[in-house]
Every structure is written in structure tokens, then in C-alpha cells.
Chemist: 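There's a structure below that I have some questions on.
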Number of protein chains: 2
Amino acid sequence: MMSEISRNGHSGSGQPGRIGIGLELDDIHLKILEILRENGRISVAALAERVGISRANAYTRFEALRADGAIKRFTAEIDHGRAGLGITALIFVTVRQQMWKQFRAELARMPEVEYCAITTGQHDAMIQVRVADVAAVHTMVTDRLANIPAVKATETVFILDEVLRRPYVLPGDGRQAARQARRPAPSEERDDVPLGKMRFVGAAEGRAALRKDD
Amino acid sequence: MMSEISRNGHSGSGQPGRIGIGLELDDIHLKILEILRENGRISVAALAERVGISRANAYTRFEALRADGAIKRFTAEIDHGRAGLGITALIFVTVRQQMWKQFRAELARMPEVEYCAITTGQHDAMIQVRVADVAAVHTMVTDRLANIPAVKATETVFILDEVLRRPYVLPGDGRQAARQARRPAPSEERDDVPLGKMRFVGAAEGRAALRKDD
DNA sequence: GTTGAAATTAGTACGAA
DNA sequence: TTCGTACTAATTTCAAC
């Protein structure tokens, strides 16, 4: 029903970008993932044809990806509006230290939470909820979240529009990006970028005052 | 490759929580969606059995849900760490008014962006990116985002851990919530909830100063 | 890693309740 | 509408190459 999902870390391997311990993923594996994230119901036979390998090979790789955990599961994307959950909100939560375990346990009991991530910055966690109406957000925050001792403070914003959601970003996309963006060729490095535009918010700096910069 | 996804609004219907114009979704439809979001590759035959309807009926409903758009697509969930994208970050963007169109167009050209939503509050949009290493986040923000005229300012936080992701929240979950949480047993109703804990950030208030409340 | 043939399963059509 | 059945097409499995 609810799923703990993998940490961002690389299971011990210190090298960022390094492929995980299990399978070595080659280009064909990545192409399979790319097709599967667009169409999770494609038959393995059709997959083999699109990738340009034999069916037996496709079955082997498909199973390997599943077994290795590179593919975690297959899922259907639902239109929430049509399913009666027209309101999406983000709730940024400040958690009392040493009460994370309780916070997580409570989260698991809230089915309207679609996503929760621990973040650096001003807050400690961001949760995304889907509910039927604005009142439900209010109820959720004031009745449920605020009653959790682990929750020190919350800040809620509403999502007005979801501009894009990609099924899942893959390294292949990065290569495309590198091509498209043709990155920071040291020579043509742009130094006219207005530095005041950007801000990186680390964990320590987090609770510090937030200046407004517009 | 990239997909515009539906607005939060209810396509004209003013009633929040109301099912969209197309299909009337009954309990069986919702049960089908519930199964499909857990296992997007289940066969329609197996689906029929689990729901307790005939195979023919299952095919009809399955197709109807697809045609109606209640099911938008099927996708595979990838383990990003294993795929070489170990870093996830959230970038909050302040967008110059009347340059939204440009902003969206540029977003479409950034494959490392997995999700983008327009929000109320201090910022105008939140984008989630997946990249190989921390340096790539820096490059993304300073070289790509900052060079978009539509982008007035950004604020970046890193995701340290993704605590939970549910495939998709459905109204049925709400019912469960009501049951599970069955919470405020009037006797143990807590009226000592510190109101200062919560903050709702509307669009207008947005750019106002942000006090620190810890 | 590939191909081809057998076994199984999926998808369609249609009449009856 | 929904169900049950029969029919056709496709997929998966498994063998040998």
C-alpha cells in the first residue's frame, strides 16, 4: 500500500553517477527502460522489436531489470481531477529533531499523501497531497499534521497547474541535454549571468533568515 | 517525450470533488484503478478476477477508463540511483510575469526535469530534477535556468531522502483515511494545538517578507 | 545471443440473461 | 449493462542451433 523508496545514496559506492552494485546497465538496458517508462504495458515481444534485439534476449534483460530493482514497479498514471481529487498542495514541514521516526510512521497513515521527501533548506520535509477540495487541505494540516508532536511547523502552498511530469528521468536524457545545451565549454563560459538570481539553500543555512530578493 | 498534463480544475464543473464530465466512475472503476496503479502490467483477465467481474466487462471498463483519460498512461518506476542519477533537487523559481510561455518552452528542453508545478506562495514554480551529481545541479541552475530571461530568481534545495511515493492517490484512499485515522476521538481531542504551527501561503501574500518562525 | 515451433494467454465478437 | 462462450490473434515459453 505504501512504499519506502530507495535513498538517494549509492549503497556504499562513493562515486556519484556510478551504476548500482547489481547489474551493469548498458545502452540496451537504458533503451528498454526508456520505452518502458513511456509504455509500461508494452509486450516484451514488441519491446524486443523496438530495441532491435531478439525476444529471448529481451525477456532475459526484462527479468534482470526487474530482479535487480532497476525497475521498481509498473503503475498507471491517473487523472486526479477525473478521479475526484482536484486539489493538490505542497506542505513544507519542519520536524522536531529526533522525532523523525514518529513523523514517518504518521505519514504512512495518511493515504492522501502522494509523495514525501526530506530536503535541505528552510524546511525539513516536503509532502505532496491530493484531496477533493480546499477544505480537505485545511483539515489535513490543522487536524492531522498539527497534532503530530514531531511536527514543529508547516507551510502550505497550492499547486495551480502541473506543467509537466515525465514518467522518469534517465541518464539517456542527460546525454540529450548535454547535446542540446552543449554545456560549459570552458572557453565560452558565460560570466554575465546575474549571480543574484540564484540561491542554494544548504541544511545549515536553512533556518536562517530568508531575505527577499526581487 | 514530454507531456503537458491536465490542469487541476474540473473542466468547468464548479463542484469540487465532482467526477469529470466524461465517465461516471463507480466503485468498480475505482477498484480497477487501484489495482492498476499497483501493478500496471496485470492482464485484464487477472484484473477481472480480482475485481470480481467478467472478462468482457473488464475489457469494456478498461478501455473506457483509457479512452476517457482517467488513465493517462502506464509507466515503469525506475530506481534512479541504479540508473546513475543519484541526485535529486528541487528548484523553486520566480518567473517574470508575462513570460510564462517562454518559461514553459525552455522547460520542455530540459530532460533532467522530472516534474514542474505552478504554485502559490513565495515562488511561482517548483521543478524537480534528477542528475548524476551535485555539479550537474549547479550547472543546470547557473548555466541553463539563470540564462532564461523569464527566470527572475531561483532557490535550490537538495532531496536527502524520498520517504514515500505512492503510485497515485485515489478517492478510495480517502475513505481508508477516514477509517484508519478515525482520529479525533472527541474525548481525546487536542485543543492545545499551537496555531502558530501552521501557515497557508496564498498567491498574493507570496512575495511578501517571510518571517522566520522557529 | 538467436530463431522457430508448441503451449498458453490475450483480445474480439456475439448471443443470452 | 453484464455475462459466458467460442473464436482468432498474439504473446510467452522452451527447445535446438
Side-chain angles (χ1 to χ4, degrees), chain A residues 19-79 82-84 167 170-172, chain B residues 13 18-79 82-84 167-168 170-172 175:
Chain A
I19 306 293
I21 17 94
L23 268 187
E24 280 298 314
L25 301 189
D26 59 24
D27 283 353
I28 293 176
H29 284 120
L30 290 179
K31 194 162 184 192
I32 290 173
L33 293 178
E34 195 174 316
I35 293 170
L36 246 22
R37 76 182 171 161
E38 282 169 16
N39 178 9
R41 273 184 87 85
I42 193 174
S43 72
V44 181
L47 188 67
E49 198 183 14
R50 282 191 56 182
V51 176
I53 56 176
S54 69
R55 283 162 309 173
N57 192 352
Y59 275 104
T60 306
R61 287 166 175 275
F62 182 88
E63 256 319 303
L65 287 169
R66 251 182 166 305
D68 184 63
I71 298 173
K72 290 193 291 191
R73 64 181 156 192
F74 293 94
T75 189
E77 276 193 22
I78 308 300
D79 184 321
R82 232 161 263 224
L170 287 176
Chain B
S13 162
R18 172 78 173 68
I19 308 294
I21 16 95
L23 269 186
E24 280 298 315
L25 301 189
D26 58 25
D27 284 353
I28 293 176
H29 284 120
L30 289 181
K31 194 162 183 191
I32 289 174
L33 293 180
E34 197 173 315
I35 293 170
L36 247 22
R37 79 183 169 160
E38 282 169 17
N39 178 7
R41 271 183 90 85
I42 191 175
S43 72
V44 181
L47 189 67
E49 197 183 14
R50 283 191 55 181
V51 176
I53 57 176
S54 71
R55 232 155 52 90
N57 192 357
Y59 273 105
T60 307
R61 287 167 175 275
F62 183 88
E63 253 320 302
L65 287 169
R66 251 183 165 308
D68 185 62
I71 298 173
K72 289 192 290 191
R73 64 181 158 191
F74 293 93
T75 189
E77 276 192 22
I78 308 300
D79 184 319
R82 231 160 263 223
Y168 279 94
L170 287 176
R175 284 201 294 277

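Each chain gets a letter, A, B and so on, in the order its sequence line appears, and its residues count up from 1.
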Chemist: Could you give the CZ-to-C1' distance, from R66(A) to dT12(D), as a whole number of Å?
Modeler: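 Value for this atom pair: 15 Å.
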
Chemist: First locate atom CZ of R73(A), then atom CD of E38(B), and finally report the distance between them rounded to the nearest 0.5 Å.
Modeler: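 Here the rounded value is 8.5 Å.
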
Chemist: To the nearest 0.5 Å, how far apart are CD in E34(B) and CD1 in I28(B)?
Modeler: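 That separation rounds to 13.0 Å.
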
Chemist: Rounded to the nearest 0.5 Å, how far does CG of L65(A) lie from CD1 of I78(B)?
Modeler: 8.0 Å

Chemist: Starting at CG of L47(B) and ending at P of dT9(C), how long is that distance when rounded to a whole Å?
Modeler: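 In whole Å, dT9(C) P and L47(B) CG are 17 Å from each other.
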
Chemist: How long is the line joining CZ of R61(B) and C1' of dC3(D), in whole Å?
Modeler: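 So the CZ-C1' distance, R61(B) to dC3(D), works out to 13 Å.
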
Chemist: Do the charged groups of R61(A) and D68(A) touch, with an N to O distance under 4.0 Å?
Modeler: no

Chemist: Would you list the protein and nucleotides 11-15 of chain C atom pairs, both N or O, that sit under 3.5 Å from each other?
Modeler:
{"from": "dG11(C)", "atom 1": "OP2", "to": "Y59(B)", "atom 2": "OH", "distance (Å)": "2.6"}
{"from": "dG11(C)", "atom 1": "O5'", "to": "Y59(B)", "atom 2": "OH", "distance (Å)": "3.3"}
{"from": "dG11(C)", "atom 1": "N7", "to": "R55(B)", "atom 2": "NH1", "distance (Å)": "3.3"}
{"from": "dG11(C)", "atom 1": "O6", "to": "R55(B)", "atom 2": "NH2", "distance (Å)": "2.9"}

Chemist: Indicate yes or no: at least one non-hydrogen side-chain atom of R41(A) is less than 4.5 angstrom from one of L36(B).
Modeler: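 Yes; the side chains approach each other to less than 4.5 Å.
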
Chemist: So, taking the atom named CZ in R37(A) and the one named CD in E77(B), what distance separates them when rounded to the nearest 0.5 Å?
Modeler: 13.5 Å

Chemist: dT12(D) C1' sits how many Å from I42(A) CD1, rounded?
Modeler: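 Computing the I42(A):CD1 to dT12(D):C1' distance gives 15 Å.
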
